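Only one structure is covered here, and it is reproduced in the block below.
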Protein chains: 2
Amino acid sequence: MSKEKSRGADDSLKPTLWYSLLKLSELGALNRKILVSTIALAGDRGVSQQTASKHLIELDRGGYIERQASVQGNHIKITEKGRRAVEGMYLKLRSVIDKKPHMLTFKGKVVNGLGEGAYYMSRPGYREQFSRKLGFNPFPGTLNLRLVPSQEGVRRELETLPAITIKGFKRGKRTFGEVKCFPAVINDSVKGAVALIHRTHHDDLVIELIAPTHLRRSLGLREGSDVKVTIVFNS
Amino acid sequence: MSKEKSRGADDSLKPTLWYSLLKLSELGALNRKILVSTIALAGDRGVSQQTASKHLIELDRGGYIERQASVQGNHIKITEKGRRAVEGMYLKLRSVIDKKPHMLTFKGKVVNGLGEGAYYMSRPGYREQFSRKLGFNPFPGTLNLRLVPSQEGVRRELETLPAITIKGFKRGKRTFGEVKCFPAVINDSVKGAVALIHRTHHDDLVIELIAPTHLRRSLGLREGSDVKVTIVFNS
DNA sequence: ATTACTAGTAGTCGAGTAT
DNA sequence: TATACTCGACTACTAGTAA
């Protein structure tokens with residue numbers, strides 16, 4: 001019977017309780033003490049009176065509301081903890097809706113490039129910018145990744161997202177285009193970046209990774225290896 | 001569009017499913033097709049792999065996501081219906097958090113006034129404004145309501161909310177103060193208004209109602225009767 | 001009127017496992 | 001690897017009812 005189920009401060013709000021807390025918020029309990037009967041709340045929530053009663057008891061015990069039950073109904077005010085729960089959900093939704101993804105993860109398979117990456121990365125005009133803007137000195141070479149077919153949209157989406165821009169330049173009669181970069185974590189371990197090289201010989205299913213180390217070696221990759229890339233946006 | 005009560009697909013999202021849909025949104029499924037394994041989703045959600053799998057199946061059946069399950073995982077994109085669910089929650093939370101209550105309900109008991117209401121309401125300087133700004137011709141008289149003790153905060157909160165203001169005026173040596181009004185529904189049936197008459201002989205627990213009809217008669221009220229007032233804000 | 005307890009039941013979850 | 005089925009255990013619900 002004493003199965004230590006941490007009775008006291010289970011700080012995760014169960015989904016059904018969240019809905020009841022939300023309903024109380026709608027009734028104004030964030031701003032003032034409201035009077036609501038379990039019957040009325042049950043009607044709003046679409047559950048029974050008994051369930052509404054239990055929800056109030058549990059929200060109270062969890063510290064999300066202050067409550068005085070009386071014969072006229074429940075006098076309820078949402079506590080600071082309850083407010084944080086509501087606002088937390090709001091902030092989470094806002095960041096999701098405003099399509100500023102805080103994180104973007106995708107997978108791809110290693111494909112062999114044409115050795116071009118090494119040439120590009122070793123151009124001083126690029127190299128200096130990479131070092132300064134990304135915070136690491138890139139290994140002279142890129143790892144080419146072919147996205148799995150269903151994720152063909154990733155590259156297009158990346159093009160619309162705020163990137164670190166490496167400016168293009170001219171050297172002699174050759175033009176080096178602008179490169180968009182996204183700091184990324186490769187296989188959950190190595191910090192590097194996704195580089196969208198504008199003038200690419202690959203189709204849209206291939207993206208290139210750069211890192212301070214030789215990724216193939218340090219991660220033990222071969223052609224066809226699965227690689228996971230996680231881009232984290234700073235905000 | 002009509003109001004189809006949709007057979008077959010239960011169009012109310014269960015709380016636990018909502019949480020899974022939210023998690024998918026966080027992973028970016030609002031914007032593109034993502035690849036996620038039931039194991040990964042389970043980890044994020046704090047449920048088992050089996051439960052995550054079931055949730056995906058039910059979200060799919062409910063029309064909230066498009067899904068292709070494969071041996072690499074689930075390719076998932078949130079549908080229009082799913083997006084509406086997420087955005088609906090966001091909008092609801094925004095209106096709640098931004099403390100612009102869309103609705104405020106309270107209860108009070110009928111108390112006898114001093115007959116002053118009738119005098120005020122019949123002043124042409126007030127009457128014309130009420131008629132024009134509230135959209136009805138007020139019955140010459142007010143219904144006084146004593147708030148239940150726990151709702152003493154309601155009057156104070158009303159003073160901070162956007163009101164329809166009836167300007168004061170002078171008639172002879174007498175000064176008639178400004179009145180703040182809130183369109184309201186009384187006992188879920190009669191459209192009238194709450195009137196905060198600045199210069200009142202009552203304490204803060206009493207508010208006054210006006211309406212196009214004689215409320216005591218049309219609602220069959222007596223002293224001590226319970227009255228429910230719902231103020232709806234336009235936006 | 002209320003709240004909220006008890007008891008029975010419907011529904012949800014997760015371990016094992018098939019594919 | 002992955003998804004997803006079965007089924008026993010557990011959780012959350014509602015009906016009845018006391019206070």
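Here the structure is a predicted model, which is why all the values come from computation and not from measurement.
Note on the helix from C:dT2-D:dA19 to C:dT19-D:dA2: angle between the axes of the first and last five pairs equals 40°, rounded to 10 degrees.
Between the CD1 atom of A:I39 and the C1' atom of C:dA1 there is a distance of 8 Å, rounded to whole Å. Spacing between atom CZ of B:R61 and atom P of D:dA4 amounts to 10 Å, rounded to whole angstrom units. One interatomic measurement links the two molecules: NZ of B:K109 to C1' of C:dA1, which rounds to 10 Å at whole-angstrom precision.
Side-chain atoms of A:T38 and A:Q49 include a donor-acceptor pair closer than 3.5 Å.
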Distance-only check: which donor-acceptor pairs under 3.5 Å involve side-chain atoms of residues 185-196 of chain A, not counting sequence neighbours?
residue : atom : partner : partner atom : Å
A:N187  : OD1  : A:K228  : N            : 2.8
A:D188  : OD1  : A:K228  : NZ           : 3.4
A:D188  : OD2  : A:K228  : NZ           : 3.2
A:S189  : OG   : A:I186  : O            : 3.4
A:S189  : OG   : A:N187  : O            : 3.3

What pairs of donor and acceptor atoms, side-chain ones from residues 82-92 of chain A against any protein atom, are under 3.5 angstrom apart with sequence neighbours left out?
residue : atom : partner : partner atom : Å
A:R83   : NH1  : A:E87   : OE2          : 3.3
A:R83   : NH2  : A:L30   : O            : 2.9

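Every residue two or more places apart in sequence or in another chain was checked for a side chain to side chain donor-acceptor pair (under 3.5 Å) with A:E80, and none qualifies. Partners of B:K109 under the salt bridge (Lys or Arg N to Asp or Glu O under 4.0 Å) rule, at least two apart in sequence or in another chain, are B:D226. Under the side-chain contact (heavy atoms from CB on, under 4.5 Å) criterion, B:S20 pairs with B:R45, B:H55, B:L59, not counting sequence neighbours. In terms of the salt bridge (Lys or Arg N to Asp or Glu O under 4.0 Å) criterion, A:K77 has no residue partners (sequence neighbours excluded). With sequence neighbours left out, A:Q68 forms a side-chain contact (heavy atoms from CB on, under 4.5 Å) with A:K33, A:H75.
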Inset, instruction - Between protein and nucleotides 4-15 of chain C, map the contacts as a letter string: B base, S sugar-phosphate only, - none, heavy atoms under 4.0 Å, written 5' to 3'. - result: BB------SBBB
